[in-house]
Amino acid sequence: YRAHLLAHLNSTPLPKTDARALSYARDKALLLILLYVPLRRTTLHLAQRSWYKNGVIQIPRDGIKTRADVGVPLPKVVTDALDAYLSMRRDNEPSLFTTNDGSPMQKANLYLTLYRRTQKILDIKQGLGIHTFRHILATTASRKIGAEATANLLIISQKTLHECYDLAD
């Protein structure tokens, strides 16, 4: 799924209307963050604009499940998408992700947005939920950088990595 989503996101231009362009830019930023950073739904829901500075998302301990504050450098493709989305917003809402009217996205809205967008992009019967992206990332990362680095990326122990994710050793 990862390769297909990336190909789609990198090749699809913004829609012409402002409302559709804002929604698409938001959804693209959401998908790219999840394809590169293994955030949980609660962390994504709690994310604030102030967490994102200079290409790094700084997640405070109350926004993460298992550790103290964590700074995650974002790849350029993610920062480009996030910067484009934020530059289109005309609200003062501190939440990183909002609805088109500028209200903070609720957990259920995040889930439905990703579910429907992935269902459409991937042409599948059931879209992908937020946690599925952690599995996609765990699989991709473990193949490329190994179990120890992947566990650090997911902010879990190696034991939890092997117990919770189906990884080929």
Side-chain angles (χ1 to χ4, degrees), residues 1-49 51-59 63 70-91 93 95-145 149-150 153-155 165 167:
Y1 291 134
R2 186 175 194 276
H4 188 80
L5 285 167
L6 288 171
H8 176 83
L9 293 170
N10 291 326
S11 66
T12 304
L14 283 176
K16 301 275 188 238
T17 63
D18 288 344
R20 290 192 63 218
L22 180 62
S23 291
Y24 181 80
R26 178 201 60 217
D27 297 353
K28 179 177 180 174
L30 272 167
L31 286 165
L32 286 170
I33 283 176
L34 290 170
L35 286 167
Y36 287 95
V37 183
L39 298 178
R40 290 181 166 89
R41 182 172 64 171
T42 298
T43 304
L44 199 57
H45 171 252
L46 293 173
Q48 301 291 301
R49 282 186 190 193
W51 292 10
Y52 173 65
K53 288 185 184 126
N54 303 319
V56 175
I57 190 161
Q58 188 68 37
I59 306 167
V70 175
V72 180
L74 302 173
K76 184 175 179 353
V77 67
V78 177
T79 60
D80 288 350
L82 201 48
D83 291 342
Y85 164 61
L86 292 172
S87 73
M88 295 172 75
R89 283 187 40 192
R90 301 291 176 243
D91 60 78
E93 171 58 43
S95 294
L96 187 58
F97 295 106
T98 63
T99 62
N100 283 349
D101 67 4
S103 304
M105 286 190 84
Q106 301 301 313
K107 285 182 187 180
N109 295 108
L110 282 168
Y111 179 84
L112 286 173
T113 296
L114 291 168
Y115 184 90
R116 290 177 180 151
R117 185 67 75 174
T118 56
Q119 187 178 36
K120 184 176 181 180
I121 292 170
L122 298 171
D123 192 25
I124 54 178
K125 189 173 183 175
Q126 293 186 333
L128 306 179
I130 293 171
H131 194 75
T132 304
F133 285 89
R134 283 180 65 85
H135 287 272
I136 291 170
L137 194 106
T139 302
T140 303
S142 68
R143 290 179 184 151
K144 291 184 177 185
I145 62 176
T150 299
L153 180 65
L154 293 169
I155 312 171
Y165 297 93
L167 307 175

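Values below: all heavy atoms of this structure, side chains included; hydrogens, waters and symmetry mates excluded.
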Quiz item: Quick one: are Leu96 and Leu44 in side-chain contact, heavy atoms under 4.5 Å?
Solution: no

Exercise. Calculate, to the nearest 0.5 Å, the distance between atoms CG and CG belonging to Leu32 and Leu6 respectively.
Key: 6.5 Å

Quiz item: Who are the ring-ring contact (aromatic ring centres under 6.0 Å, His included) partners of Tyr1, not counting sequence neighbours?
Solution: none

Quiz item: For Asp123, what residues pass the side chain to side chain contact (heavy atoms under 4.5 Å, CB included) criterion, not counting sequence neighbours?
Solution: none

Self-check item: From Arg41 atom CZ to Leu110 atom CG, the distance as rounded to the nearest 0.5 Å
Solution: 8.5 Å

Exercise. Could I get the full list of side-chain hydrogen bond (donor to acceptor under 3.5 Å, both in side chains) partners for Lys120, not counting sequence neighbours?
Key: none

Practice problem: Working to the nearest 0.5 Å, report the span between CD of Gln48 and CD1 of Ile57. | Solution: 10.0 Å

Self-check item: Ring-face cation of Arg2 near Tyr36 (centre distance under 6.0 Å, axis angle within 45°)
Solution: yes

Practice problem: Indicate the atoms forming the closest heavy-atom contact of Ile124 with Gln119, along with that distance. | Solution: O-CG, 3.0 Å

Quiz item: Shortest non-hydrogen contact from Met105 to Thr99?
Solution: CG-N, 3.7 Å

Quiz item: Less than 4.5 Å apart, any side-chain heavy atom of Leu128 and any of Leu122?
Solution: yes

Practice problem: List in chain and number order the residues that pass side-chain hydrogen bond (donor to acceptor under 3.5 Å, both in side chains) with Thr132, two or more places apart in sequence or in another chain; answer none if no residue qualifies. | Solution: none

Quiz item: Quick one: side chain to side chain contact (heavy atoms under 4.5 Å, CB included) partners of Ala29, sequence neighbours excluded?
Solution: Ala81, Leu82, Tyr85, Phe97

Quiz item: What's the shortest heavy-atom distance between Thr43 and Trp51, and which atoms?
Solution: O-CZ3, 3.8 Å

Exercise. Mind checking side-chain hydrogen bond (donor to acceptor under 3.5 Å, both in side chains) for Lys76 and listing every partner two or more places apart, or none if nothing turns up?
Key: Asp80

Self-check item: Contacts of Asp83 that satisfy side-chain hydrogen bond (donor to acceptor under 3.5 Å, both in side chains) - sequence neighbours left out
Solution: Tyr52

Practice problem: For Glu93, check side chain to side chain contact (heavy atoms under 4.5 Å, CB included) against everything at least two apart and list the hits. | Solution: Arg89, Asp91, Ser95, Thr98, Pro104

Practice problem: Can you run down the side chain to side chain donor-acceptor pair (under 3.5 Å) pairs that involve residues 23-32, sequence neighbours left out, and say none if there aren't any? | Solution: Ser23-Asn100, Asp27-Arg117

Practice problem: List in chain and number order the residues that pass side chain to side chain contact (heavy atoms under 4.5 Å, CB included) with Arg20, two or more places apart in sequence or in another chain; answer none if no residue qualifies. | Solution: Pro15, Thr17

Quiz item: Rounded to the nearest 0.5 Å, what separation is found between the OH atom of Tyr111 and the CD1 atom of Ile130?
Solution: 8.5 Å

Practice problem: Compare all side-chain heavy atoms of Leu9 with those of Val77 and state whether any distance is below 4.5 angstrom. | Solution: no

Quiz item: Below 4.5 Å, heavy atoms only, C-beta onward: do Thr12 and Ile121 meet side chain to side chain?
Solution: no

